[in-house]
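This report refers to the structure that appears directly beneath it.
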Amino acid sequence: MPIEKHKVVSLEYTLTGPKGKVIDSSNGRGPLTYLHGVGGLIPGLERELEGKNPGDTFNVTIAPEDAYGQRDPNMVQQVPRSNFPQKVIQVGQQFRAQTPNGQLRILTIVGFQDDKVTVDANHALAGLALTFDVKVVDVRDATEEEITHGHVHGPGGHHH
Ligand code: ZN
């Protein structure tokens with residue numbers, strides 16, 4: 001059965017960055033399972049998966065605008081040190097913060113001074129061309145409940 005909107009897809013993948021460094025992989029973790037066509041994966045990868053069948057393999061390099069977007073310099077900001085309750089501040093620390101419109105973002109500390117901390121709200125993979133090696137493992141119809149919820153239930157998915 002080919003991949004189209006509202007199919008539940010299982011795939012094995014290896015993600016490498018621009019310099020060939022492995023960033024993420026399903027190896028040792030089992031396949032990634034997602035609901036196709038509802039924005040669960042980056043747009044460039046869903047587009048490439050459309051119409052593929054179980055057993056199909058492919059390799060694709062996706063430009064930043066079809067992946068996690070370009071880096072936005074305005075998303076690097078200085079905030080008062082007093083906003084951080086923890087005693088130790090280190091470059092590379094990540095934490096969740098809520099934007100004024102209620103979105104959760106992962107912020108990364110990229111620098112600090114005595115009274116100020118510089119945080120970067122860009123996605124860690126923003127600005128990067130991403131290469132995926134993919135094998136489609138399984139394709140099935142989504143249940144009505146999965147379509148209503150917008151995500152997969154059961155193995156590899158949500159448990160309520
Ligand atoms: Zn659900």
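Every number for a ligand or one of its atoms is a count from 1 in the order of the listing.
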Check for me whether the distance between the ring centres of Phe95 and Phe84 falls short of 6.0 Å.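 Yes, the ring of Phe95 comes within the 6.0 Å limit of the ring of Phe84, centre to centre.
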Nearby protein N/O/S atoms (those under 2.8 Å) for the Zn ion (ligand 1), with water ignored: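 Per the 2.8 Å query on the Zn ion (ligand 1), atoms found are His149 ND1, His151 NE2, His153 NE2, His160 NE2.
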Less than 4.0 angstrom from a charged side-chain N to a carboxylate O is my criterion; do Asp24 and Arg29 meet it?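 Here Asp24 pairs with Arg29 in a salt bridge, since their nearest N and O are under 4.0 Å apart.
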Validation: residues 33-49 side-chain donor-acceptor distances under 3.5 Å, sequence neighbours left out:
from	atom 1	to	atom 2	distance (Å)
Thr33	OG1	Ser10	OG	3.1
Tyr34	OH	His36	ND1	2.8
His36	NE2	Glu50	OE1	2.9
Glu46	OE1	Gly37	N	2.9
Glu46	OE2	Gly40	N	3.2
Glu46	OE2	Leu41	N	3.0
Arg47	NH1	Asp66	OD2	3.4
Arg47	NH2	Asp66	OD1	3.3

Inter- and intrachain pairs under ring-ring contact (aromatic ring centres under 6.0 Å, His included), touching residues 55-78, at least two apart: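 Every pair satisfying ring-ring contact (aromatic ring centres under 6.0 Å, His included) with a residue in residues 55-78: Tyr68-His123.
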Got a sec: does the CD of Gln98 have more than 12 other heavy atoms crowding it under 6.0 Å?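 Atom CD in Gln98 is packed in, count exceeds 12.
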Output all residues satisfying salt bridge (Lys or Arg N to Asp or Glu O under 4.0 Å) with Asp72, sequence neighbours left out; order by chain, then residue number.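 Result, salt bridge (Lys or Arg N to Asp or Glu O under 4.0 Å) vs Asp72: none returned.
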